[in-house]
Amino acid sequence: MPRRREARPLAEHYGGLVRVALMGTCPAGLHTYQLMAATRLTRSQVGRGIQHVRDVVAAENLTPIAWTRRDGFMFSDDPADWIEYDKRQLRQILGRLTRVITGTLDPHLVRCPDDEGAQLATARLTGVRATLAQLSK
């Protein structure tokens with residue numbers, strides 16, 4: 001079982017407010033500005049609350065949080081929502097990883113082709129990139 005991050009008191013408080021606001025609108029969702037109005041938190045506080053909900057509350061209550069452009073953040077009972085959100089998250093990670101490989105490691109290897117660390121990182125991350133590409137389909 002993955003180790004949970006230890007919550008700071010404010011993040012826990014913000015997460016509780018965000019969770020209550022989202023539970024009150026189930027199955028509909030709320031956009032960030034709506035969460036700000038419902039909880040009377042700032043944008044950054046809502047962000048910390050969402051992060052706490054993702055890290056702690058969703059895992060404890062087995063209620064995954066999803067996000068759509070149309071509905072915003074929501075607790076959904078529809079597995080299709082979870083799957084689509086998971087795929088979007090994986091595509092985002094894939095994009096970041098691809099930029100690390102093409103923008104950092106590849107130029108490093110061109111200038112220092114014998115660097116074992118860069119060769120190992122490129123080989124490992126290329127495998128991860130292929131896996132993420134398959135998972136995000």
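Because only heavy atoms are used, hydrogens play no part in the values below, and waters and symmetry mates are left out as well, while side chains stay in.
- No side-chain heavy atom of Leu125 sits under 4.5 Å from any side-chain heavy atom of Arg129.
- Residues Leu105 and Ile93 share a single hydrophobic cluster, defined by chaining ILVMFWY side chains whose heavy atoms lie under 4.5 Å apart.
- Between atom NE2 of residue His52 and atom CD of residue Glu12 there is a gap of 5.0 Å, rounded to the nearest 0.5 Å.
- Gly15 and Val53 get closest at one heavy-atom pair: O-CG2, 3.5 Å.
- For Arg96, the CZ atom counts as loosely surrounded, since its 6.0 Å shell holds 12 or fewer non-hydrogen atoms of other residues, nucleotides or ligands.
- The two residues Lys137 and Ala133 have their closest heavy-atom pair at CG-O, 3.3 Å.
- Here the CG-CG distance, from Leu90 to Leu132, works out to 6.0 Å after rounding to the nearest 0.5 Å.
- Of all non-hydrogen atoms in Gly49 and Val18, the two that sit nearest each other are CA-CG2, 4.1 Å.
- Atom CD1 of Ile50 and atom CG of Leu22 lie 5.5 Å apart (nearest 0.5 Å).
- Tyr85 is not listed as a side-chain neighbour of Met74, based on a closest heavy-atom distance of 4.5 Å or more.
- Within the 3.5 Å criterion, the main-chain N or O of Arg70 finds a donor-acceptor partner in the side chain of His31.
- Between atom CG of residue Asp71 and atom CD of residue Gln34 there is a gap of 9.5 Å, rounded to the nearest 0.5 Å.
- Annotation for Asp115 and His108: closest pair OD2-NE2, 2.6 Å, computed over non-hydrogen atoms.
- Connection of Leu135 to Ile83 is not established within any shared hydrophobic cluster, with ILVMFWY side chains joined at heavy-atom distances below 4.5 Å, either directly or through further cluster members.
- Each of Gln45, Arg19, Gln51 was compared with Tyr14 under the side-chain hydrogen bond (donor to acceptor under 3.5 Å, both in side chains) criterion, and only Gln45 meets it.
- Under a 3.5 Å cut-off, the side chain of Trp82 and the backbone N or O of Ser76 do form a donor-acceptor pair.
- No continuous path of ILVMFWY side-chain contacts below 4.5 Å connects Tyr33 to Leu41, so the two sit in separate hydrophobic clusters.
- The distance from atom OG1 of Thr32 to atom CE of Met36, rounded to the nearest 0.5 Å, is 8.0 Å.
- The minimum heavy-atom distance between Pro107 and Ile101, with the atom names listed, is CD-O, 4.4 Å.
- Of the inter-residue distances, the one linking Arg43 atom CZ with Leu35 atom CG reads 10.5 Å to the nearest 0.5 angstrom.
- Considering every non-hydrogen atom in both Pro113 and Val110, the closest pair reads CD-O, 3.9 Å.
- No side-chain heavy atom of Glu116 sits under 4.5 Å from any side-chain heavy atom of Leu120.
- Here the side chains of His13 and Leu17 are in contact, with some heavy-atom distance below 4.5 Å.
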